[in-house]
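Below: one structure, written as structure tokens.
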Amino acid sequence: MQLPALTRRLIGRLLPVALVAGGCRAHPAHLAISLVEGYADAREVQERGGQLVGQPFESADTMFGARHDTLHDHETTRRLLVYPEHKGREGETFFMVDVGPSGRIVNLLKVKFNIEGVTDLHQNKEIRAAVAGRSRSHVETSTRLGQPLLVLHSEENGQTICVHEPQGLIPKTYTDYCLLWYDARTKRCTDNAMLGVIAGFATDRLEVVHHQEEGIPASQPSSMPASRPIRSGSEARR
């Protein structure tokens with residue numbers, strides 16, 4: 001059976017980067033599974049995003065059910081609605097619905113913690129040694145993470161979540177971020193984790209803010225790898 005043209009083009013773009021970034025994980029069988037799963041995730045995000053973008057935020061509750069959390073970006077007044085993916089291992093994969101100031105949905109992303117496996121776990125350990133129990137000012141001035149790309153506030157527990165771009169030297173397969181959690185009372189860092197974007201509808205970048213909330217066109221699937229050097233979604237059209 002011949003693969004659809006879109007699938008062939010996607011695999012052709014993904015294979016070289018996946019081989020370089022995957023290292024020992026690039027076993028042919030594992031790589032084939034990753035490519036198929038990546039295409040399926042991108043297609044799912046495009047289909048769901050096409051139904052959600054431009055709609056009131058309540059549409060996401062109807063589609064995904066109970067929220068895991070609501071994250072507020074007070075600087076831009078946007079919100080990220082977080083929903084767990086019910087299939088697979090609980091607590092790892094989530095949908096993030098980006099809601100603009102008007103209350104309408106502007107983007108949909110599918111994300112996963114520690115998506116790069118051992119690479120992410122190793123980086124988590126290094127970062128934790130530098131940030132655990134530290135204040136935001138210390139982290140931002142005394143570590144390689146520097147200033148956060150986003151500062152979000154959890155509606156569920158009041159914690160502050162700073163989203164950083166990691167400064168690791170190992171190339172990654174996905175667009176990835178380092179998340180730091182700060183306690184609402186002590187203002188000290190209590191946890192950290194790596195978060196990878198599996199796919200995005202309009203863009204695969206969490207820090208991108210959409211100013212136009214109406215008539216956002218559908219993008220091409222931005223599945224793995226959706227990060228540098230391959231760009232997708234709105235970034236590819238710039």
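In this chain, residues are counted from 1 in sequence order. It should be emphasised that the depicted structure is a prediction, and the values quoted were computed from it without experimental measurement.
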Given the rule that I, L, V, M, F, W and Y join up when any side-chain heavy atoms are under 4.5 Å apart, are [X] and [Y] in one cluster?
| X | Y | answer |
| --- | --- | --- |
| F64 | F57 | yes |
| V111 | F113 | yes |
| L145 | L179 | no |
| Y83 | L108 | yes |

Once you round to the nearest 0.5 Å, how far does [atom1] of [X] lie from [atom2] of [Y]?
| X | Y | atom1 | atom2 | result |
| --- | --- | --- | --- | --- |
| N192 | L195 | CG | CG | 12.5 Å |
| H164 | Q147 | NE2 | CD | 8.0 Å |
| F94 | L80 | CZ | CG | 13.5 Å |
| C162 | R136 | SG | CZ | 4.0 Å |
| T93 | I115 | OG1 | CD1 | 7.5 Å |
| E75 | L150 | CD | CG | 8.5 Å |

| Ring-face cation contact, F201 with R48, 6.0 Å cut, 45° max | no

So, [X] side chain and [Y] main chain: donor-acceptor pair closer than 3.5 Å or not?
| X | Y | answer |
| --- | --- | --- |
| D41 | A199 | no |
| Y177 | L206 | yes |
| D183 | T186 | yes |
| T143 | V139 | yes |
| N107 | A202 | yes |

| message | I'd like to know if D73 and R79 make a salt bridge, using a cut-off of under 4.0 Å between side-chain N and carboxylate O. | response | no

For a quick test of reading the model, state the closest non-hydrogen atom pair linking [X] to [Y] and the distance between them.
| X | Y | value |
| --- | --- | --- |
| E116 | D120 | N-OD2, 2.9 Å |
| P56 | R104 | CD-NH1, 3.5 Å |
| P84 | A66 | CD-O, 3.9 Å |
| G158 | A184 | O-CB, 3.3 Å |
| D176 | P166 | OD2-CG, 3.4 Å |
| R188 | S135 | NH1-N, 3.6 Å |

| said: I'd like to know whether M63 forms a side-chain contact (heavy atoms from CB on, under 4.5 Å) with L52, so could you lay out the CA-CA distance, the side-chain angles of the two residues, the decisive distance to 0.1 Å, and finally the verdict. | reply: CA-CA 9 Å; M63 177 176 289; L52 290 174; 3.7 Å; yes

| query | Is the closest side-chain donor-acceptor distance between D69 and S154 under 3.5 Å? | reply | yes

| query | Looking just at side-chain N and O atoms, do Y182 and R134 make a donor-acceptor pair shorter than 3.5 Å? | reply | no

Are [X] and [Y] packed together at the side-chain level, in the sense that at least one heavy-atom pair is separated by less than 4.5 angstrom?
| X | Y | result |
| --- | --- | --- |
| H153 | V151 | yes |
| T190 | Q159 | yes |
| V163 | L152 | yes |
| C178 | E165 | no |

| request: Test M194 against I127 for side-chain contact (heavy atoms from CB on, under 4.5 Å), laying out the working first. | output: CA-CA 10 Å; M194 304 299 292; I127 293 172; 4.1 Å; yes

| Could you walk me through whether T70 and V82 pass the side-chain contact (heavy atoms from CB on, under 4.5 Å) check? | CA-CA 6 Å; T70 300; V82 184; over 6 Å; no

| message | Suppose we screen for side chain to side chain donor-acceptor pair (under 3.5 Å). Which residues come up paired with R78, at least two apart in sequence or across chains? | response | D98

| task | Scan V45, V197, V97 and name whichever one has a side chain to side chain contact (heavy atoms under 4.5 Å, CB included) with L109. | result | V197

| request: For the pair L71 and I161, evaluate side-chain contact (heavy atoms from CB on, under 4.5 Å) and give the outcome as yes or no after the intermediate values. | output: CA-CA 9 Å; L71 307 178; I161 304 171; 3.8 Å; yes

